[in-house]
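Structure first, commentary second.
Predicted, not measured: the structure shown is a model, and the values here were computed from it.
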Amino acid sequence: MNQLQDRLKDAYAAAAGTVGPENIRQLDEQSAVITWPTAKPQRSTRRWAMPLAIAATALAVIAATALPQYLTSRSGNVPASSLGEHFVSALAPGKNLVILKLSTGAKTATVTPPSPLDSFKAAATGNGVRYVVAVARQGRCGTSLYQFRLNSAGKPSRLTPFDGGHVHQKVNQLQLSADGRVFGYLAHRCGTAGADLNIVNLKSGQHRQWTVPGKASISQLSLSGDGGRLTFGASQPDGSDTAVYLLDTASAQGPVVQRSRILVRGAQFGNGEKVEQPRISLNGRIVYFTSDSGSLAHAATQVRSINVRTGHLKVLASTLGAFFTLDADPSVHRAISIIRADLLNPYALVINLRTGRFAKLKPSFYVPDNGTYVW
């Protein structure tokens with residue numbers, strides 16, 4: 001019994017000794033996130049199962065005491081950061097990223113590209129705290145990836161490059177899973193037709209890639225909370241039909257459309273209907289998307305949902321005479337939209353993705369010119 005007690009004390013001391021004020025990273029402190037190393041072979045852990053379990057418990061207790069607001073689950077049910085409930089960023093093509101306070105629409109900060117010659121091409125956040133941005137320079141084929149964090153006042157930390165985060169491709173789509181472990185991006189090749197969809201596990205460094213044909217159009221990537229599933233919108237090369245696809249990010253590499261399954265087609269809702277802007281729930285079970293007629297003369301847009309397992313479809317909300325964007329919050333319970341019924345006076349509203357109810361935001365709320373929100 002004394003030997004067992006000694007082993008437990010040793011395991012606890014080893015765990016407690018690894019956590020202290022000097023090595024707990026603060027919210028506004030930067031770190032190199034994308035290193036993309038070669039994954040190391042896993043070793044057998046059965047022999048150390050009991051001591052490691054005790055050590056992990058000690059670590060969890062200490063870390064929870066130090067950083068209770070920012071701990072997240074490792075499952076698909078990742079809790080949303082409280083910052084995602086209070087702030088949202090707005091991005092207009094090539095311009096600055098503006099941080100807004102949701103309650104008033106007032107600007108709390110502006111994030112500018114590293115150089116006046118650079119421009120933002122895309123941005124993503126998984127939890128409303130950490131953001132990733134793609135930066136490109138006109139006349140050059142290549143994209144640099146940067147990161148920053150928001151503090152509780154909606155102020156960003158310094159823009160810092162990812163370690164190894166330069167891609168010799170044109171990146172125009174980014175996604176970061178809510179648990180912060182999986183990073184996805186769509187990049188067009190330099191000098192040749194076609195693109196690649198990439199998924200990087202930031203913990204193991206494992207990198208998977210699926211090819212996109214030269215004439216295919218892929219848009220609106222969305223990752224589940226743990227990064228295990230990804231949805232995207234796609235159109236046929238001739239533009240005859242659109243569809244929402246679901247990809248298992250552990251599937252074999254190859255042509256992305258062949259490795260994915262179709263959840264819903266635009267043709268299901270009528271001739272000329274378009275389905276796009278998918279947003280997948282944290283647990284990966286429900287996908288929200290928009291469908292519209294694509295006609296200015298008879299504009300009508302619906303927000304719908306589909307159950308990934310059963311295929312059950314549901315209409316959540318409908319608007320007449322409006323085209324809008326759809327960007328879900330970190331919990332994927334709500335979405336913020338830009339309504340463009342009047343192209344000269346677009347406005348923003350929030351849609352409850354569970355009930356379909358929506359509320360128009362204050363007229364003072366900043367709406368990016370031809371841009372979108374990153375929530």
Side-chain angles (χ1 to χ4, degrees), residues 80-113 119-133 148-157 159 174-176 178 219-220 222 276-279 288-290 292 299-303 316-375:
S81 162
S82 59
L83 294 187
E85 297 296 315
H86 302 295
F87 300 98
V88 66
S89 64
L91 178 64
K95 297 183 180 180
N96 300 330
L97 194 70
V98 180
I99 310 301
L100 308 173
K101 191 171 183 179
L102 272 176
S103 59
T104 63
K107 301 178 184 179
T108 63
T110 299
V111 182
T112 60
S119 61
F120 289 136
K121 295 300 182 183
T125 178
N127 60 4
V129 176
R130 180 171 62 173
Y131 283 77
V132 180
V133 290
F148 68 89
R149 289 175 180 265
L150 291 184
N151 64 17
S152 59
K155 301 296 184 181
S157 63
L159 197 64
L174 295 177
Q175 273 292 296
L176 187 66
S219 61
Q220 289 89 29
S222 179
E276 52 192 357
Q277 303 189 101
R279 297 291 181 261
Y288 305 95
F289 63 96
T290 62
D292 67 70
T301 306
Q302 291 81 37
V303 179
L316 300 173
S318 181
T319 61
L320 294 176
F323 295 93
F324 58 88
T325 62
L326 188 73
D327 294 284
D329 72 355
S331 68
V332 201
H333 291 162
R334 297 180 299 167
I336 191 169
S337 300
I338 300 174
I339 302 296
R340 302 190 188 278
D342 179 355
L343 297 180
L344 296 178
N345 298 290
Y347 60 90
L349 57 78
V350 171
I351 302 173
N352 186 315
L353 294 176
R354 291 182 168 181
T355 66
R357 295 180 180 177
F358 54 86
K360 188 175 179 179
L361 296 176
K362 296 180 179 181
S364 61
F365 204 92
Y366 173 75
V367 178
D369 184 23
N370 292 321
T372 187
Y373 295 109
V374 183
W375 195 346

Spacing of OG1 belonging to Thr319 relative to CG belonging to Asp292, to within rounding of 0.5 Å: 9.0 Å

Spacing of Ser331 atom OG and Trp375 atom CH2 [to the nearest 0.5 Å]: 7.5 Å

If you round to the nearest 0.5 Å, how far is CG of Leu326 from OH of Tyr288? 10.5 Å

Heavy atoms of Ile338 and Gly371 approach each other most closely as CD1-O, 3.4 Å

Apply side chain to side chain donor-acceptor pair (under 3.5 Å) to Asp369 and list each qualifying residue two or more places apart in sequence or on a separate chain. none

Over all heavy atoms of both residues, which pair between Gly356 and Ala317 is shortest? Give the atoms and the distance, please. O-CB, 3.6 Å

Does the side chain of Leu100 reach to within under 4.5 Å of the side chain of Phe87, using non-hydrogen atoms? no

To the nearest 0.5 Å, atom CD of Gln175 lies from atom OG of Ser222 at 5.0 Å

Using every non-hydrogen atom in the two residues, find where Ala122 and Leu174 come nearest and quote the distance to one decimal. O-CD1, 3.8 Å

Does any donor atom in the side chain of Thr372 or Asp327 lie under 3.5 Å from an acceptor atom in the other side chain? yes

Under the rule for salt bridge (charged side-chain N to carboxylate O under 4.0 Å, His left out), what residues qualify as partners of Arg334, not counting sequence neighbours? Glu85, Asp329

Heavy-atom donor-acceptor pair, Ser337 side chain to Thr325 backbone, under 3.5 Å: yes

Residue pair Tyr366, Lys107: steps toward the side chain to side chain contact (heavy atoms under 4.5 Å, CB included) verdict: CA-CA 8 Å; Tyr366 173 75; Lys107 301 178 184 179; 3.6 Å; yes

Are any of the side-chain heavy atoms of Ile351 and Leu349 separated by less than 4.5 Å? yes

In chain order, what residues pass the side-chain contact (heavy atoms from CB on, under 4.5 Å) check against Asn96, with sequence neighbours excluded? Thr110, Thr112, Pro113

Applying ring-ring contact (aromatic ring centres under 6.0 Å, His included), which residue pairs with at least one partner in residues 329-360 are found, sequence neighbours left out? none

Would you sort out whether Glu276 and Gln220 count as a side chain to side chain contact (heavy atoms under 4.5 Å, CB included), showing the intermediate values? CA-CA 7 Å; Glu276 52 192 357; Gln220 289 89 29; 4.2 Å; yes

Which heavy atom of Leu353 sits nearest a heavy atom of Ala328, and at what distance? CD1-CB, 4.4 Å

Those residues at least two apart in sequence (or on a different chain) that pass ring-ring contact (aromatic ring centres under 6.0 Å, His included) with Phe289 are none

Taken to the nearest 0.5 Å, the spacing of Thr125 OG1 from Leu150 CG works out to 7.5 Å

Those residues that, when tested against Gln277, pass side chain to side chain donor-acceptor pair (under 3.5 Å) (two or more places apart): Thr290

Just to verify, what does Ser89 make a side chain to side chain donor-acceptor pair (under 3.5 Å) with, not counting sequence neighbours? none

Side chain to side chain donor-acceptor pair (under 3.5 Å) filter on Thr108, not counting sequence neighbours, yields none

Can you give me the closest heavy-atom contact between Gly154 and Ile99, atom names plus distance? O-CG2, 3.5 Å

Please test Leu176 against Arg130 for side chain to side chain contact (heavy atoms under 4.5 Å, CB included), starting from the C-alpha separation and ending with a verdict. CA-CA 9 Å; Leu176 187 66; Arg130 180 171 62 173; 3.7 Å; yes

Criterion side chain to side chain contact (heavy atoms under 4.5 Å, CB included) on Leu102 and Ile336, from CA distance to verdict: CA-CA 10 Å; Leu102 272 176; Ile336 191 169; 4.2 Å; yes

Restricting to ring-ring contact (aromatic ring centres under 6.0 Å, His included), what partner residues turn up for Phe324, sequence neighbours left out? none

Sequence neighbours excluded, which residues qualify as side-chain contact (heavy atoms from CB on, under 4.5 Å) partners of Ala348? Leu361, Phe365, Val367, Tyr373

By side-chain contact (heavy atoms from CB on, under 4.5 Å), which residues pair with Arg357, not counting sequence neighbours? Thr355

Got a second to check how far Ser157's OG is from Tyr131's OH, nearest 0.5 Å? 11.5 Å

Which heavy-atom pair separates Gly126 from Pro330 by the least distance, and what is that distance? O-CB, 4.1 Å

Is there a donor-acceptor contact under 3.5 Å from the side chain of Asn151 to the main chain of Lys155? yes

Please enumerate all residues that pass side-chain contact (heavy atoms from CB on, under 4.5 Å) together with Ala106, with sequence neighbours excluded. Thr104

